[in-house]
J.: 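First the structure, which I've put down as structure tokens, then a few questions once you've had a look.
Predicted model only: the values in this text are computed from it and were never measured.
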Amino acid sequence: MYKYVSKKEIRYIREYCEEIIKKIQKSKLKDFLTFSFYLIGSGKTNLITINGDNGTYDLDYNLILQKDKADLFSKPQKIKELFSKEFDKERNNFNIKKIENSSSVITLKFKDKKANVDIAILRKNNNGNYSKIIYDKNKNRYIWNEIKCSKNYQDNINLIKQQMCWNEVRDRYLFKKNSYLRQNKNISSFSILLETINEVMQR
């Protein structure tokens with residue numbers, strides 16, 4: 001069953017991960033692209049869960065592309081390859097055991113930590129929502145995929161907290177995580193959080 005990770009442990013691994021990302025910001029990648037980064041989802045809201053004492057947990061970061069210096073926005077596969085290459089260069093410096101390039105994120109797995117880091121690459125659309133680089137298996141190519149309901153989610157979190165309803169989010173979020181676990185459904189923590197926030201807002 002899932003349980004929450006302590007704030008102290010989250011703070012430690014967060015500082016460690018952000019040191020890596022800041023190094024990537026200053027790498028040769030800056031000749032092509034600039035980006036900001038945000039801890040999102042369960043990490044941002046202190047809702048990180050771990051499945052049992054021997055399990056692992058994920059921190060999710062969004063890298064938001066800003067300046068496109070080499071006209072790469074039309075080449076999402078090239079963008080992901082550039083980021084993967086720079087993270088791979090830091091493998092020994094940060095005790096990274098494995099780097100996985102999945103359909104939607106770059107995952108860093110460490111040799112000596114329970115945490116994995118999932119890194120998504122996004123850009124902001126004209127409608128305020130964000131699009132993420134994903135691999136479309138049907139068309140065998142990388143594309144920009146819009147994340148629905150992503151425009152105002154942080155504003156909704158702030159509103160829920162102002163209304164003193166955050167404990168309802170925590171209870172509902174943990175319930176959903178365990179429900180999906182029992183159903184063997186692999187749904188991202190960020191998607192579960194958006195789902196939970198929307199349900200509480202509708203109430």
J.: Can any side-chain N or O of N198 pair as donor or acceptor with the backbone N or O of L194 at less than 3.5 Å?
T.: yes
J.: Report yes if the side chains of I157 and I197 come closer than 4.5 Å at any heavy-atom pair, otherwise no.
T.: yes
J.: Would a single hydrophobic cluster contain both I147 and Y38, if residues Ile, Leu, Val, Met, Phe, Trp and Tyr are joined by side-chain heavy-atom contacts under 4.5 Å?
T.: yes
J.: Under the side chain to side chain donor-acceptor pair (under 3.5 Å) rule, what do N127 and E146 come out as? Steps first, then yes or no, please.
T.: CA-CA 10 Å; N127 64 4; E146 184 168 320; 3.2 Å; yes
J.: Looking at OG of S131 and CH2 of W144, how far apart are the two atoms once the value is rounded to the nearest 0.5 Å?
T.: 7.5 Å
J.: Does D136 use its side chain to pair, donor to acceptor, with the backbone of N138 at less than 3.5 Å?
T.: yes
J.: Test your reading of the model: is there a side-chain donor-acceptor pair from D68 to the backbone of L72, 3.5 Å cut-off?
T.: yes
J.: How would you list, by chain and number, every residue that makes a ring pair (Phe, Tyr, Trp, His ring centres under 6.0 Å) with F83, sequence neighbours excluded?
T.: F35
J.: Nearest 0.5 Å, please: how far is CD1 in I99 from CD1 in I106?
T.: 8.5 Å
J.: Can you tell if the side chain of I96 reaches within under 4.5 Å of the side chain of K111, non-hydrogen atoms only?
T.: no
J.: I need the minimum non-hydrogen distance between Y2 and K177, along with the two atoms involved.
T.: CE1-O, 3.7 Å
J.: For residues T107 and D118, is any side-chain donor paired with an opposing acceptor at under 3.5 Å?
T.: yes
J.: Atom NZ of residue position K89 - does it have more than 12 heavy atoms of other residues, nucleotides or ligands inside 6.0 Å?
T.: yes
J.: Does the side chain of E19 come within less than 4.5 Å of K22's, by heavy atoms?
T.: no
J.: Could you tell me whether the side chain of N51 and the main chain of M1 form a donor-acceptor pair under 3.5 Å?
T.: yes
J.: Ignoring hydrogens and angles, tell me if any N or O in the side chain of Q183 forms a donor-acceptor pair with the backbone of S179 under 3.5 Å.
T.: yes
J.: Would K23 and F94 count as a side-chain contact (heavy atoms from CB on, under 4.5 Å) if you check the C-alpha gap in whole Å, the side-chain angles of each, and the deciding distance to 0.1 Å?
T.: CA-CA 11 Å; K23 197 163 185 181; F94 289 94; 4.1 Å; yes
J.: Decide yes or no for E195 and R172: does some side-chain heavy atom of the first lie under 4.5 Å from some side-chain heavy atom of the second?
T.: no
J.: Cation-pi check, R170 to Y4: give yes when NZ or CZ is under 6.0 Å from the six-membered ring centre and within 45° of the ring axis, no otherwise.
T.: yes
J.: State, with a plain yes or no, whether a side-chain heavy atom of Y12 is found less than 4.5 Å away from one of K113.
T.: yes
J.: Got a second to check how far L82's CG is from F87's CZ, nearest 0.5 Å?
T.: 12.0 Å
J.: Testing the 3.5 Å rule here: is there a donor-acceptor pair between the side chains of N101 and E81?
T.: no
J.: For N129 and N125, indicate whether the former's side chain and the latter's backbone hold a donor-acceptor pair under 3.5 Å.
T.: no
J.: Determine whether K124 and Y130 make a side-chain contact, defined as any pair of heavy atoms from C-beta on separated by less than 4.5 Å.
T.: yes
J.: If you look at every heavy atom in P76 and I133, which pair is closest and at what distance?
T.: O-CD1, 3.6 Å
J.: Are side-chain N/O atoms of Y61 and E18 paired as donor and acceptor at under 3.5 Å?
T.: yes
J.: For N126, I'd like to know if atom CG has over 12 heavy atoms of other residues, nucleotides or ligands within 6.0 Å.
T.: no
J.: When clusters are formed from ILVMFWY side-chain contacts under 4.5 Å, directly or step by step, what else is grouped with I134?
T.: I143
J.: Heavy atoms, side chains only, cut-off 4.5 Å: are L33 and I79 in contact?
T.: yes
J.: Just how far is it from atom CZ of R14 to atom CD1 of I48, taken to the nearest 0.5 Å?
T.: 9.0 Å
J.: Salt bridge check, K98 against E100: does any charged N sit closer than 4.0 Å to a carboxylate O?
T.: yes
J.: Starting at CD of E86, measure out to NZ of K30 and round the result to the nearest 0.5 Å.
T.: 9.5 Å
J.: Give a yes or no on whether K161 atom NZ has more than 12 heavy-atom contacts from other residues, nucleotides or ligands under 6.0 Å away.
T.: yes
J.: At what distance, to the nearest 0.5 angstrom, does OG of S104 lie from NZ of K132?
T.: 4.5 Å
J.: Are the side chains of Q162 and L159 in touch, meaning some heavy atoms are under 4.5 Å apart?
T.: yes
J.: Cation over ring, K114 on Y57, under 6.0 Å and within 45°?
T.: no
J.: Could you check whether K69 makes a cation-pi contact with F32, meaning its NZ or CZ is under 6.0 Å from the centre of the six-membered ring and within 45° of the ring axis?
T.: no
J.: Between L39 and D60, what is the shortest heavy-atom contact and its length?
T.: CD1-O, 3.4 Å
J.: How close do V105 and A120 get, heavy atom to heavy atom, and via which atoms?
T.: CG1-CB, 4.0 Å
